[in-house]
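So that the names make sense, note that chain A is the first sequence line, chain B the second, and so on, each numbered from 1. Since the structure is predicted, the reported quantities are computational estimates derived from the model, not experimental observations.
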There are 2 protein chains.
Amino acid sequence: MTRPEARTLVLNGADNVAVALANLDVGTETREGVRLGKRVPKGHKFTIVPVSAGQPIMKFGQIIGFATMDLPAGEWVHEHNCDMGPLAGAFERDYDFCAGVTPTQFVPEAERATFQGYRRANGKVGTRNYVGILTSVNCSATVAKFMAEAINRSGILDDYPEIDGVVPFVHGTGCGMAGTGEGFDILKRTQWGYASNPNLASALLVGLGCEVFQIGRMKEIYGIEDGENFQTMTIQESGGTARIIEWGVERIKEMLPAAAKARRETIPASELTLALQCGGSDGYSGITANPALGVAADMLVAQGGTAILSETPEIYGAEHLLTRRAVSREVGEKLIERIHWWEDYTARNHGEMNNNPSPGNKLGGLTTILEKSLGAAAKGGMSPMTAVYEYAEPVREKGFVFMDTPGFDPVSATGQVAGGANILCFTTGRGSAYGCKPVPSIKLATNSDLYRRMTGDMDINCGDIVDGTMTVEEKGQEIFQTILRIASGEKSKSEALGYGDNEFVPWQVGAVM
Amino acid sequence: MTRPEARTLVLNGADNVAVALANLDVGTETREGVRLGKRVPKGHKFTIVPVSAGQPIMKFGQIIGFATMDLPAGEWVHEHNCDMGPLAGAFERDYDFCAGVTPTQFVPEAERATFQGYRRANGKVGTRNYVGILTSVNCSATVAKFMAEAINRSGILDDYPEIDGVVPFVHGTGCGMAGTGEGFDILKRTQWGYASNPNLASALLVGLGCEVFQIGRMKEIYGIEDGENFQTMTIQESGGTARIIEWGVERIKEMLPAAAKARRETIPASELTLALQCGGSDGYSGITANPALGVAADMLVAQGGTAILSETPEIYGAEHLLTRRAVSREVGEKLIERIHWWEDYTARNHGEMNNNPSPGNKLGGLTTILEKSLGAAAKGGMSPMTAVYEYAEPVREKGFVFMDTPGFDPVSATGQVAGGANILCFTTGRGSAYGCKPVPSIKLATNSDLYRRMTGDMDINCGDIVDGTMTVEEKGQEIFQTILRIASGEKSKSEALGYGDNEFVPWQVGAVM
Ligand SMILES: [Ca+2]
Ligand SMILES: [Ca+2]
Ligand SMILES: [Ca+2]
Ligand SMILES: [Ca+2]
Ligand SMILES: [Ca+2]
C-alpha cells in the first residue's frame with residue numbers, strides 16, 4: 001500500500017520547505033506540487049517554492065537558516081545551500097524582544113472546554129486526589145516508603161475510593177549540602193511546591209531531625225503551620241523507626257476522611273497547567289509529536305490555560321526565538337539571564353553548553369542549531385511567552401511560560417510539578433517509561449514502530465502523521481481531547497502501570513559535602 | 001548514685017589531658033589523681049600532668065594543639081591556653097609522610113578470629129547472600145522495584161532460605177550528565193562495584209536504552225559478558241514495561257537456584273572489609289563511639305582485615321595526621337591530592353571547605369580543628385594507612401585505608417560498599433536511621449539517652465563509656481565481637497527493620513544537564 005501523497009510533510013503554513021518522510025528519488029512529484037531536483041533522504045527537507053539567495057528558510061513557521069544561493073522549488077536543502085546567514089552572529093545575538101508576539105485568539109467564554117477536576121479550598125484545581133508523604137532527606141526515605149506501604153496494604157483506602165493513593169516522595173539529598181544558596185533554595189521550592197500541588201489533598205513531611213534541610217526552617221520561611229492538610233514529624237523526635245512509622249500511619253489515617261471528601265466538578269480548561277516534556281527523542285520528534293503537542297499547547301493557551309516549556313539545554317542556541325515571543329523585555333531578559341547562568345554552571349563543572357546538530361543529527365536532516373532547538377521547542381507551540389521561571393518556582397502567570405530546568409526528564413518534570421503543573425505530556429521516539437505522581441503523564445510516541453512495540457506504555461501515536469493518516473493539526477486536537485479526558489480521571493498508561501513512586505528527583509546544584 | 005570516678009575519661013595512654021564527663025567544680029579530685037584548678041565544663045578537657053609552654057596537648061594519642069603557657073596538672077585546657085602553636089601554619093602544612101607509622105602487631109595465625117561467611121568463586125567473601133537488581137538510570141527505577149516486589153511477593157524465596165532477598169538499587173541519575181569525565185567514572189565504578197560486591201550472589205542490570213550511562217559501554221570497559229551471575233536488559237529492547245518486568249522476573253528466577261547453593265563456612269576475619277561511618281554526630285561522638293570503633297578497627301586490622309575511613313570534609317584540616325600514618329609517601333600524597341581536589345570542587349560550586357570548630361563546638365569543649373577532625377577520624381583507629389582510594393574504587397589493600405567520599409552518609413557508604421565493604425559500623429549521637437543493602441549496618445549510639453530513646457534502631461550503646469561501666473577498650477572488644485556475629489548472619493537492627501532499599505545514592509559530581 002504505497003501512499004505517495006503521504007511521503008512529505010509541511011509543518012506550518014508559513015514554511016517554504018517540506019520534510020521528506022521517506023527517501024525520495026530525483027524527479028519525484030510531491031503533493032506540494034513540486035518535482036525534486038535532487039534525491040532527498042528521509043527526514044531531510046526540500047523547497048516547496050523558489051527561495052532567493054539570502055532569504056530565510058522557514059520550518060515550524062520560523063527561521064531555521066538562510067539560503068546561500070538561489071534555490072528553485074524542489075531543491076534539497078542542507079548544509080551545502082543553507083547556513084546561519086552572513087549575519088549569523090548578529091542574528092544569533094539579536095533577541096528582538098517581543099517582536100514575534102502574535103496575540104492569542106482566546107476561545108469565547110461560552111465555547112470553552114471543561115474537564116472534571118478537584119477544586120481546592122485555595123481555589124487551585126487538581127486532576128488527581130493523592131495524599132503525599134514528603135521527605136526532607138534521604139535518611140527518612142525508608143520510613144516514608146514503609147508508611148505508604150502500610151496504608152496501601154491495610155485496605156483502608158478501599159473505604160475512600162475518591163483517594164488515588166498515598167504516595168511517598170523520596171530522594172537522595174537534603175543533607176551533605178550547603179544550608180544557604182541556590183542548591184538549598186531549589187530544594188526548598190521543590191518540597192513546598194509538591195506539598196502545595198493541587199493534586200495532593202494533603203501531605204505529611206517526614207525528616208530525620210539533624211539534616212541540613214530543616215523542616216522547621218522551611219515552615220518558618222513559608223509561614224506554614226501543621227494543620228489538617230499538612231503535618232510534619234522527625235525520626236529523632238519520634239523515638240525511632242518503629243514509632244515514627246506507627247505515628248505517621250496514624251496521622252495519615254486521620255487525614256484520609258478530609259481528603260476523601262473531595263469531589264470532581266466541572267472546571268474550565270483554563271485551570272489546567274500542562275508540563276511539556278520530551279525524552280528519548282528521535283528524528284521524528286521534531287516533525288510529529290512535538291509540533292502536534294505544540295498545537296495542543298496553543299489550544300490550551302487559547303482556552304486561558306497554561307503550558308510550561310522547559311529543558312533549557314535543549315533550546316540553547318535558539319533562545320532568541322523565544323525572546324521574540326516574550327510579552328515584555330523583562331520576561332525575555334529573564335530567559336537570557338538563565339542562559340548565562342547555564343553557561344557558567346556547565347563551565348564551572350568542566351562541561352559546556354552545546355546543542356549543535358551532531359553528525360548523526362545532520363545525517364538525519366537537521367541543518368542548523370536553530371532547526372534542532374526548534375524541533376524541541378515546537379512542543380511549546382507559537383503562543384506569546386508570558387513568564388520565565390526558575391526551577392520549581394510557583395507558576396502564577398497563565399499562557400505559555402518557560403521554566404528553567406535541565407533536560408533530564410525526572411529532574412525537569414519534578415521542577416514543573418513543583419511549579420504547579422497538574423497534567424504532563426511527554427513525547428518520545430525511543431520509548432520512555434516515566435510517571436510523575438501526583439501528576440498524570442501522557443506518552444506521545446513520535447513514530448508508529450515505537451507505538452506498536454510499546455503500546456502498553458504509549459497513550460497516543462503521533463506516527464500516523466508520518467503514515468499520512470492524520471495532520472499535525474488533527475493530532476493536536478486529539479492530544480488536547482486526551483488531556484481533558486485524563487485530567488478528568490481516566491488513567492494514563494503510565495498511571496495504569498504504576499509509575500511515579502521513584503521519579504521524584506529534585507535538581508541537585510552545588511557540591512555534595 | 002554518684003560515681004565520681006566515672007566523671008572523667010582518658011582516651012589514650014599517650015594523652016596528657018582527660019575529658020570531663022560532667023561539669024566538674026574547682027577543687028574536684030579526679031580519678032587521674034589531680035585536683036582541678038578551675039571549673040571544667042562537661043565535654044571539656046584538663047591536664048593530668050604538668051605541660052610546659054610550647055609543648056603539645058595530646059588527646060586521642062595525638063597532637064590536638066600546643067600549650068601557650070605553663071600548665072599545672074588539673075588545669076582546664078581551651079582556647080585561652082591552647083592554640084595551633086607558633087608554627088601553626090608550618091605544622092598544618094607539614095605532612096611528615098610516614099613519620100607516625102606504628103607497625104601493626106598482627107594476631108598470630110593460630111589465634112585469629114573467624115566468622116561464618118560466603119566464599120565466592122573469585123575468592124571474595126560475602127556476609128550476606130542477596131540477588132541485586134541494578135539500574136543504569138532513574139528511568140528504569142520503577143521496573144526494577146516492580147521486579148523485586150514480584151519476586152518477593154511470589155513466595156518463591158521461601159524455597160531458597162539461603163537467599164537474603166532480591167534487592168533493587170535505584171537512583172536519580174544515569175542520564176542528563178556528561179558521558180565522560182569524573183562524574184561518569186564515579187557512576188561507572190559505583191555500578192560495577194555493586195554488581196561485584198561479594199554480598200550479592202548475582203545481579204541483573206536494567207536500563208531504559210537511550211540513557212547516557214550505556215550498559216553496553218560499561219560491559220565493554222570492564223570486559224563483562226552476560227552469564228549465570230550477571231544479566232542485562234533494557235526497557236526499549238524488551239518492548240516496554242510489562243514485558244521487561246515479566247522477562248526480568250524470569251531471569252531472576254533462573255538465577256535463584258545457583259545463588260541458593262551458597263553456604264556459610266568458617267572464614268578468617270581477615271576477609272572482612274569494614275566501612276566506617278558517622279552521621280548525626282554529637283559532643284559524645286569523639287569521646288565514646290568513635291574511639292571505641294577505632295579500637296575495633298585496629299583489632300580487625302591486627303587480624304589481617306580491612307577498615308575504610310571516609311568522609312573527607314570531616315577530616316579536612318587534619319589530613320597531616322593521616323599522612324603521618326601513610327605507609328609510603330605515595331599513599332600520603334594521594335590523600336593530599338584529594339584534599340586539593342575538594343578545595344577546587346567546593347570553590348567552583350561557590351562553597352568552601354571549612355571544618356573549624358563552630359561556636360557550638362567550642363562551647364562543647366572542642367578547641368582546635370585538629371581536635372574536631374580527630375574526633376571524626378578516631379573511628380579509624382591508629383593503624384598505618386596502607387592506601388588511599390577515590391570514590392567507589394575497588395579496595396585491594398588490606399589494613400587501614402582511606403576512601404575519598406563526601407560526609408553525607410548514604411553517598412559515603414554507597415562509595416564504600418562499591419569499594420567492596422562487606423560490613424559497616426555507623427556511629428550516631430542524634431540518632432541515624434540507615435541501612436545499606438546488601439551490607440549489614442551496625443548502629444553505635446554515642447550516648448545512653450539516645451540508646452534508650454531509639455533502642456529499636458541501635459545495636460550497641462557506647463554511652464556506658466560515659467556512664468563509667470565500660471572502658472573504650474572494652475567497648476571496642478564488644479564492637480569487634482558484634483561485627484563477627486553480624487557478619488556471620490545475625491541481623492543488625494537496621495536489617496531487622498528493613499532498611500536498605502532506598503539508600504543507594506551514587507555521588508553526583510558535575511552538572512545535571
Ligand atoms: Ca529531554
Ligand atoms: Ca525531558
Ligand atoms: Ca534467609
Ligand atoms: Ca557524616
Ligand atoms: Ca557518614
Side-chain angles (χ1 to χ4, degrees), chain A residues 138-143 145-146 170-173 175-178 181-183 208-210 235-236 239-243 279-280 313 345-346 348-351 406-411 430-435 453-457 497-503 505 507-513, chain B residues 138-143 145-146 170-173 175-178 181-183 208-210 235-236 239-243 279-280 313 345-346 348-351 406-411 430-435 453-457 497-503 505 507-513:
Chain A
N138 179 261
C139 308
S140 52
T142 288
V143 298
K145 288 274 191 189
F146 284 166
V170 310
H171 57 87
T173 180
C175 203
M177 64 189 292
E182 60 191 7
L208 173 59
C210 58
I235 297 174
Q236 288 168 357
T241 301
R243 268 187 220 156
Y345 171 61
T346 49
R348 71 181 193 253
N349 283 289
H350 306 159
F408 185 33
D409 313 323
V411 175
R430 309 280 298 276
S432 278
Y434 180 73
R453 243 183 319 114
M454 290 179 58
T455 304
D457 292 83
L497 288 165
Y499 275 96
D501 283 350
N502 304 289
E503 291 85 2
V505 188
W507 189 9
Q508 267 184 267
V509 173
V512 180
M513 303 275 286
Chain B
N138 177 262
C139 308
S140 52
T142 288
V143 297
K145 288 274 189 189
F146 284 166
V170 309
H171 57 86
T173 180
C175 204
M177 63 188 293
E182 60 192 8
L208 172 60
C210 56
I235 297 174
Q236 287 168 358
T241 301
R243 271 188 218 154
Y345 171 60
T346 48
R348 71 181 192 251
N349 283 289
H350 306 160
F408 185 34
D409 311 324
V411 176
R430 308 281 298 274
S432 277
Y434 181 72
R453 242 182 320 117
M454 290 180 57
T455 305
D457 291 82
L497 288 166
Y499 276 97
D501 282 351
N502 304 289
E503 292 84 2
V505 188
W507 189 9
Q508 267 185 268
V509 174
V512 179
M513 305 274 287

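For A:Ala511, the side chain to side chain contact (heavy atoms under 4.5 Å, CB included) partners at least two apart in sequence or on another chain are A:Met513, B:Tyr345, B:Thr346, B:Asn349. Applying the ring-ring contact (aromatic ring centres under 6.0 Å, His included) criterion to B:Tyr499, with sequence neighbours excluded, gives no partner residue.
Here the shortest heavy-atom pairing between B:Phe408 and A:Cys175 reads CE1-CB, 3.4 Å. The minimum heavy-atom distance linking B:Cys210 with A:Gly280 is given by the pair SG-CA, 3.6 Å. Between A:Val505 and B:Gly172, the shortest heavy-atom distance links the atoms CG1-O, 3.5 Å.
Of the listed residues (B:Arg453, B:Glu182, B:Met177), the one with the most heavy-atom contacts under 4.5 Å to chain A is B:Arg453. Listed options A:Val509, A:Thr173, A:Val170 were ranked by heavy-atom pairs under 4.5 angstrom with chain B; first place goes to A:Thr173. For chain B, the option among A:Gly176, A:Gly431, A:Gly351 with the highest count of heavy-atom pairs below 4.5 Å is A:Gly431. Counting heavy-atom pairs closer than 4.5 Å to chain B, the top residue among A:Pro313, A:Gly510, A:Gly500 is A:Gly510. Among the candidates A:Gly498, A:Ala242, A:Gly209, the residue making the largest number of heavy-atom pairs closer than 4.5 Å to chain B is A:Gly498.
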*Might you work through the side chain to side chain contact (heavy atoms under 4.5 Å, CB included) test for A:Phe146 and B:Leu497, ending with a clear yes or no?*
CA-CA 10 Å; A:Phe146 284 166; B:Leu497 288 166; 5.5 Å; no
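The parts of A:Val512 that come within reach of chain B are both its backbone and its side chain, each placing non-hydrogen atoms under 4.5 angstrom from that chain. Contact annotation for B:Thr455: neither backbone nor side-chain heavy atoms come within less than 4.5 Å of a heavy atom of chain A. Residue A:Leu208 touches chain B through its side chain alone, counting heavy-atom pairs closer than 4.5 Å. When heavy atoms are compared at a cutoff of 4.5 Å, A:Ala433 approaches chain B by way of both its backbone and its side chain.
In this structure, B:Arg430 CZ and A:Gln236 CD are separated by 5.5 Å, a value rounded to the nearest 0.5 Å. Rounded to the nearest 0.5 Å, atoms SG (B:Cys139) and CG (A:Asn502) are 11.5 Å apart.
By the 4.5 Å heavy-atom criterion applied to side chains, B:Glu503 and A:Thr142 are counted as neighbours. The shortest distance between side-chain heavy atoms of B:Met454 and A:Thr241 does not fall below 4.5 Å. The shortest side-chain heavy-atom distance between B:His350 and A:Arg348 falls under the 4.5 Å cut-off.
Under a 3.5 Å cut-off, the side chain of A:Asn138 and the backbone N or O of B:Asp409 do not form any donor-acceptor pair.
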